[in-house]
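Structure record follows, encoded as structure tokens.
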Amino acid sequence: MMTNSDFNIEKTIIKHQPLIVNDEPSLTNPVSQMVTETQCRSDAFYYWCEETPLPHQPIFRGKLWEYAYILQCLSEAGMMSPGRRGLGFGVGQEPLVAVMAARGCSVVATDLDSEEATKQGWAGTGQYAATLEALNDRGICPLRTLRIQGELPRGRYEQDRS
């Protein structure tokens with residue numbers, strides 16, 4: 001058991017970086033940053049857009065940058081390789097799960113149950129993942145890499161609405 005006197009802030013710091021960075025943010029050296037046009041014109045952005053195929057050329061959309069940023073951060077941290085594990089809540093049809101699975105990562109992904117998704121309007125938006133195939137609607141990874149592990153007991157994880 002750890003007591004407050006045993007806590008040492010120096011042991012919790014992974015990487016010493018300045019609090020204020022004057023350089024323009026980039027995807028090749030990600031820090032906590034906002035999207036910029038320069039990042040959306042970068043090779044790293046185009047690389048991740050190719051890995052998350054779209055029916056059109058990459059466009060300046062915040063959501064595409066979010067995918068690129070998340071995947072680049074995971075890649076830089078060495079988390080995009082066989083044996084790595086991830087957990088995604090409410091993933092819908094975002095391509096992140098399929099990209100990670102294609103690289104050998106084991107990802108537990110969740111979405112609302114179909115009844116609740118219909119009730120909340122998500123089922124009709126084209127974003128809801130009702131099937132394993134929906135997690136890979138862009139054909140990013142072989143379907144055999146996706147599988148159902150079993151269902152969690154309902155109710156135990158749901159918020160009490162009474």
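Under the 3.5 Å distance criterion, with hydrogens and angles disregarded, a donor-acceptor pair is assigned to the side chains of Gln33 and Gln39.
Heavy atoms only, all atoms of each residue included: Leu27 and Ala68 are closest at CD1-CB, 4.1 Å. In this structure, Val107 and Met100 approach most closely via the heavy-atom pair CG2-CB, 3.8 Å. Taking every heavy atom of both residues into account, Cys73 and Pro30 meet most closely at SG-CB, 3.6 Å.
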- Message: Please evaluate residues Glu133 and Leu143 with respect to the criterion side chain to side chain contact (heavy atoms under 4.5 Å, CB included), reporting the C-alpha separation (whole Å), side-chain torsions for both, the decisive distance (0.1 Å), and the verdict.
- Response: CA-CA 7 Å; Glu133 290 79 12; Leu143 279 179; 4.0 Å; yes

- Message: If you apply the rule side chain to side chain donor-acceptor pair (under 3.5 Å), what do you find for Gln127 with Trp122, and how did you get there?
- Response: CA-CA 7 Å; Gln127 299 173 69; Trp122 286 104; over 6 Å; no

- Message: Applying side chain to side chain contact (heavy atoms under 4.5 Å, CB included) to Thr28 and Ser42, what does each step give before you reach the verdict?
- Response: CA-CA 9 Å; Thr28 55; Ser42 72; over 6 Å; no

- Query: Hey, mind stepping through Glu94 and Arg138 against salt bridge (charged side-chain N to carboxylate O under 4.0 Å, His left out) and telling me if it holds?
  - Reply: CA-CA 10 Å; Glu94 293 187 353; Arg138 300 175 192 194; over 6 Å; no

- Item | Leu96 and Val91: CA distance, side-chain angles, deciding distance, side chain to side chain contact (heavy atoms under 4.5 Å, CB included) verdict | CA-CA 8 Å; Leu96 301 178; Val91 299; over 6 Å; no

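Every pair passing salt bridge (Lys or Arg N to Asp or Glu O under 4.0 Å) that includes a residue from residues 64-82 is listed here, sequence neighbours excluded: Lys63-Glu66. Among pairs with a residue in residues 77-88, none fulfils salt bridge (Lys or Arg N to Asp or Glu O under 4.0 Å), at least two apart in sequence or across chains.
A donor-acceptor pair is defined here as one N or O able to donate and one able to accept, closer than 3.5 Å; no such pair exists between the side chain of Thr145 and the backbone of Ala102. In this structure, the side chain of Asp111 engages the main chain of Gly92 through a donor-acceptor pair within 3.5 Å. One N or O on the side chain of Tyr128 and one on the backbone of Leu112 form a donor-acceptor pair closer than 3.5 Å. No donor-acceptor distance shorter than 3.5 angstrom exists from the side chain of Ser75 to the backbone of Leu71, with no hydrogens or angles considered. Of the possible donor and acceptor atoms, none in the side chain of Ser81 sits under 3.5 Å from a partner among the backbone N and O of Cys105.
For the atom pair OG1 (Thr52) and CD (Glu50), the distance works out to 9.5 Å, reported to the nearest 0.5 Å. To the nearest 0.5 angstrom, Arg61 atom CZ is 10.5 Å from Cys49 atom SG.
Applying side-chain contact (heavy atoms from CB on, under 4.5 Å) to Gln72 and the options Tyr47, Trp48, Phe45 leaves one that passes, Trp48.
Every residue two or more places apart in sequence or in another chain that forms a side-chain contact (heavy atoms from CB on, under 4.5 Å) with Thr38 is listed here: Glu24, Thr36.
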